[in-house]
J.: 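Attaching a single structure in structure tokens format; questions to follow.
FYI, side chains are in, hydrogens and waters are out, and symmetry mates aren't considered; it's all heavy atoms of this structure.
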Amino acid sequence: MAPLDGRWAPSRYHKELQRAIAFRSYISILRSGIKKKQTQESILERLYHNGETNEHGELVQEPLVDQAIKGVGQFQGLCDKHSYISIDGGTGERKHDERLVIQDCFSRSLTVRFVIGESVTKESLSLAKLSDNKKMVSGRTLREGAERAERNGRKAYELALEFLDENCEVPDGKTIEDYDNFILSMMWKDHKAGGRDGNEGEEVSAVMKPNDWIFDGWFAFRLYGPVVDEK
């Protein structure tokens with residue numbers, strides 16, 4: 001297992017988390033019939049940073065970014081609990097504690113594991129760029145990220161149906177890791193051969209895929225996609 005990393009995670013992981021955090025709200029907005037992009041962006045930005053209030057101004061839903069950091073609600077499947085022992089600097093007392101760590105199936109990193117509250121914080125997820133601590137991520141960026149996740153998620157879902165059995169479960173003899181690898185390998189081939197990073201019609205082997213490669217929207221797909229509990 002890779003060691004824990006307390007430094008801020010690379011920018012690409014923050015962008016991917018922002019897409020996943022905004023994704024379900026974006027889909028709900030689409031299903032509500034709101035088509036004007038400016039309205040969609042305004043709602044997303046409010047829900048992401050400020051949450052939902054009632055007519056009395058009372059908070060009835062925590063900001064999405066707060067929910068994600070706590071690993072509650074729709075984000076319960078994002079993290080694992082990691083137990084550790086801390087030592088009080090003053091008394092030397094040993095204390096058992098827990099912290100949330102992003103599951104390896106999301107990050108796909110073989111070298112580090114990202115700790116909530118350290119590698120990924122509310123502050124870092126609220127920023128448009130990690131290099132600029134004054135500019136908050138906008139509703140437009142959240143909408144465009146969720147839109148991209150939805151578009152790629154449709155492709156990944158079609159691939160998932162090829163792998164899963166008729167009950168949308170991992171078939172006998174296969175594992176959830178096999179499922180992840182299949183989706184990512186096939187999406188890699190589509191991504192490279194489709195012209196974005198390669199030539200149209202280019203033959204691309206899935207073997208060429210970097211171990212930690214993920215497509216835009218992988219976090220959202222893995223968090224909200226088909227039910228794939230192991231048998």
J.: Any sub-3.5 Å donor-acceptor pair from Glu52's side-chain atoms to Leu47's backbone N or O?
T.: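 Side chain of Glu52 to backbone of Leu47: no pair is present.
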J.: Taking the side chain as C-beta and beyond, is there a heavy-atom pair between Tyr13 and Ser107 under 4.5 Å?
T.: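 Counting from C-beta outward, Tyr13 and Ser107 do come under 4.5 Å.
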J.: Assess whether side-chain contact (heavy atoms from CB on, under 4.5 Å) is satisfied between His49 and Val137, documenting all intermediate values.
T.: CA-CA 9 Å; His49 293 293; Val137 65; 3.5 Å; yes
J.: Distance-only, no hydrogens or angles: does the Asp178 side chain make a donor-acceptor pair with backbone N or O of Thr175 under 3.5 Å?
T.: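 Side chain of Asp178 to backbone of Thr175: a pair is present.
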J.: If only atom types and distance count, is the side chain of Glu16 paired as donor or acceptor with the main-chain N or O of Phe219 below 3.5 Å?
T.: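 Checking the backbone N and O of Phe219 against the side chain of Glu16, a donor-acceptor pair under 3.5 Å is found.
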J.: For Asp132 and Lys134, indicate whether the former's side chain and the latter's backbone hold a donor-acceptor pair under 3.5 Å.
T.: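 It does hold such a pair.
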J.: Is there a side-chain contact between Glu158 and Lys155 (heavy atoms, below 4.5 Å)?
T.: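 Not in contact.
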J.: Stepwise, does the side-chain contact (heavy atoms from CB on, under 4.5 Å) test hold for Phe75 with Lys70?
T.: CA-CA 8 Å; Phe75 307 109; Lys70 294 177 181 178; over 6 Å; no
J.: Could you check whether Thr121 and Glu123, counting side-chain N and O atoms only, form a donor-acceptor pair closer than 3.5 Å?
T.: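 No.
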J.: Do Asn181 and Arg108 get their side chains close enough for a donor-acceptor pair, meaning under 3.5 Å?
T.: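 Checked: Asn181/Arg108 side chains pair up, N/O donor to acceptor below 3.5 Å.
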J.: What's the spacing between Arg19 CZ and Tyr26 OH if we round to 0.5 Å?
T.: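 OH of Tyr26 is found 13.5 Å from CZ of Arg19.
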J.: To the nearest 0.5 angstrom, please state how far the CD1 atom of Ile183 sits from the CG atom of Leu159.
T.: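 Spacing of CD1 (Ile183) from CG (Leu159) equals 5.0 Å.
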J.: Measure the spacing between CD of Gln74 and CG of Leu78 and express it to the nearest 0.5 Å.
T.: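 Going from the CD atom of Gln74 to the CG atom of Leu78 covers 10.5 Å.
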J.: For Gly51, is there any backbone N or O sitting under 3.5 Å from a side-chain donor or acceptor partner on Glu62?
T.: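 Between the backbone of Gly51 and the side chain of Glu62 there is no qualifying donor-acceptor contact (under 3.5 Å).
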J.: In Å and rounded to the nearest 0.5 Å, what is the CZ to CD distance from Arg140 to Glu41?
T.: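 Those atoms lie 6.5 Å apart.
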J.: Between the main-chain N or O of Asp216 and the side-chain N or O of Asn152, is there a donor-acceptor pair closer than 3.5 Å?
T.: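 Indeed, once roles are kept as given, a pair shorter than 3.5 Å links the two residues.
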J.: Can you tell me which residue among Met136, Lys135, His14 is in a side-chain contact (heavy atoms from CB on, under 4.5 Å) with Ser126?
T.: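 Checked Met136, Lys135, His14 against Ser126; only one passes side-chain contact (heavy atoms from CB on, under 4.5 Å): Met136.
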J.: Are there over 12 heavy-atom neighbours, none belonging to Arg12, within less than 6.0 Å of that residue's CZ?
T.: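 More than 12 within 6.0 Å, yes.
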J.: For a quick check under 3.5 Å, do Thr141 and Ser138 share a side-chain donor-acceptor pair by atom type?
T.: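 There is such a pair (donor and acceptor under 3.5 Å, judged by atom type) between the side chains of Thr141 and Ser138.
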J.: Using a 4.5 Å cut-off on heavy atoms from C-beta on, say whether the side chain of Leu100 contacts that of Asp80.
T.: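 Asp80 vs Leu100: side chains apart.
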J.: For the atom pair CD (Glu144) and CD (Glu147), what is the distance rounded to the nearest 0.5 Å?
T.: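 Interatomic distance, Glu144 CD to Glu147 CD, rounded to 0.5 Å: 7.0 Å.
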J.: Apply the test side-chain contact (heavy atoms from CB on, under 4.5 Å) to residues His82 and Glu98: give CA-CA distance (whole Å), side-chain angles for both, the deciding distance (0.1 Å), then the verdict.
T.: CA-CA 5 Å; His82 177 81; Glu98 290 183 333; over 6 Å; no
J.: Which pair of heavy atoms, one from Ala156 and one from Phe215, lies closest together, and at what distance?
T.: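 For Ala156 versus Phe215, the nearest heavy atoms are CB-CZ, 3.9 Å.
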J.: Hey, are Ser28 and Ser25 close enough side-chain-wise for a donor-acceptor pair under 3.5 Å?
T.: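 No, no side-chain donor-acceptor contact under 3.5 Å.
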J.: Would a 4.5 Å heavy-atom cut-off, applied to side chains only, mark Arg222 and Asp180 as touching?
T.: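 Yes, at least one pair of side-chain atoms sits under 4.5 Å.
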J.: Looking at CD1 of Ile69 and CG of Leu64, how far apart are the two atoms once the value is rounded to the nearest 0.5 Å?
T.: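 Separation between the atoms: 12.0 Å.
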J.: Looking at every heavy atom in both Gln18 and Leu127, which two are closest together, and how far apart are they?
T.: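 Minimum heavy-atom separation between Gln18 and Leu127: NE2-O, 2.9 Å.
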J.: Could you walk me through whether Val60 and Thr53 pass the side-chain contact (heavy atoms from CB on, under 4.5 Å) check?
T.: CA-CA 5 Å; Val60 295; Thr53 57; 5.6 Å; no
